[in-house]
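Structure first, then comments.
Just so you know, these numbers use all the heavy atoms, side chains as well, and skip hydrogens, waters and symmetry mates. Chain A is the first sequence line, chain B the second, and so forth, proteins listed ahead of strands; every chain is numbered from 1.
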2 protein chains.
Amino acid sequence: MKLTQAEWQIMKALWKKHPATARQIMTRLPNGVSWAYTTIKTMLSRLVEKNAVGEQKRGNTSLYEPLLSQRKARLSAFTSMLDQAFDGATGPLVHFLLEEQQLTARQKRELIEKLNEESGK
Amino acid sequence: MKLTQAEWQIMKALWKKHPATARQIMTRLPNGVSWAYTTIKTMLSRLVEKNAVGEQKRGNTSLYEPLLSQRKARLSAFTSMLDQAFDGATGPLVHFLLEEQQLTARQKRELIEKLNEESGK
DNA sequence: AGAATTCTACTACATATGTCGAAGATACCA
DNA sequence: TGGTATCTTCGACATATGTAGTAGAATTCT
């Protein structure tokens, strides 16, 4: 389930708290993003189509709920980036993470800790 | 410089060896991908537009050359994924990498080694 | 009840992306 | 030198994506 950029915005707002109305989602969008109400409705419809979001009506208003978890969305974003740019190989990615200073010293330390924890169990 | 999926295919073929003609690129595409010659030309034109690829004519034939390095392309793919799906925070990504078994035991070991090397210097 | 507000369902439209085909210019081979 | 293969340039078309307007139904306020 690959989300587009705009869809990510909607999903993030929805993951924060749900179920939620389109109106609520609108208020939760990041500052830079100011979409028309109908734009949000359109995005939601498309997400419902894709089964990434569920919709139930309460009165004349729709309540939306994520069907796609953030974890899965992330996994999908990650693996598709990995396939695309690193031919699916985590090896080069790891190399890249280290070489490109994508990790701060602190993160590296934490990473080491976690890795050690894991190898310990 | 964000590349689309199709553009990645072309770039990968071009990175392998360059300069290269459209025809050569065609033969280097992965097995699954069998685009018409003109499709490849179209992709190349668009990449030239974007300054990701340079073009020089030799006779009536164009020679193409990457202007965008694989490193930069990867960096861009990575950071845009990171921004999109992990709000730009490597912390959650690292967590994710470990939790989701995205790394094999061997990779984790290597990672530890590298991290240690680094912290040592 | 009538007006104002808010929703939904549709439609629309621009730009991006994936994929070519056609037509004319070039190059190469018998 | 004529034919055949190959290139290039343009244009085209479908689907995806971003963004929103309109019209009519439902709800709410006064």
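A side-chain donor-acceptor contact under 3.5 Å links B:Trp15 to the backbone of B:Leu68. The main-chain N or O of A:Asp87 is never found under 3.5 Å from a side-chain atom of B:Lys12 such that the two would form a donor-acceptor pair. Using a distance-only test at 3.5 Å, with no hydrogens or angles considered, no donor-acceptor pair links the side chain of A:Ser62 to the main chain of A:Lys57. Remark: side-chain polar atoms of B:Thr38 are not paired, donor with acceptor, to backbone N or O of B:Lys41 under 3.5 angstrom.
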field: Sequence-aligned protein contact record of nucleotides 17-23 of chain C, with B where the base is within under 4.0 Å of a protein heavy atom and S where only the sugar-phosphate is
entry: BBBBBB-

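Chain A approaches DNA chain D within less than 4.0 angstrom (heavy atoms of the protein), and the contacting nucleotides run 5' to 3' from D:dT17 to D:dT27.
The minimum heavy-atom distance between B:Met1 and B:Lys50, with the atom names listed, is CE-O, 3.1 Å. Looking at every heavy atom in both residues, B:Pro92 comes nearest to B:Ala89 through CD-O, 3.2 Å.
Comparing A:Gly59 and B:Asn60 by the nucleotide of DNA chain D that holds the closest heavy atom to each, the one mapping nearer the 5' end is B:Asn60.
Looking at A:Tyr64 and A:Leu47, their side chains never come closer than 4.5 Å, going by heavy atoms from C-beta outward.
Phosphate proximity of C:dT6 to A:Arg23: absent, as no side-chain N or O sits under 4.0 Å from OP1 or OP2.
Between the CD atom of A:Gln24 and the P atom of C:dT6 there is a distance of 14 Å, given to the nearest Å. Atoms NZ (A:Lys57) and P (C:dT8) sit 7 Å apart, rounded to a whole Å.
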Listed pairs under 3.5 Å, donor-acceptor, residues 16-27 of chain A side chains, sequence neighbours left out:
from	atom 1	to	atom 2	distance (Å)
A:Lys16	NZ	A:Arg28	O	3.1
A:His18	ND1	A:Leu14	O	3.2
A:Thr21	OG1	A:Arg23	N	3.4
A:Thr21	OG1	A:Gln24	N	3.0
A:Gln24	OE1	A:Thr21	N	2.7
A:Thr27	OG1	A:Gln24	O	2.7

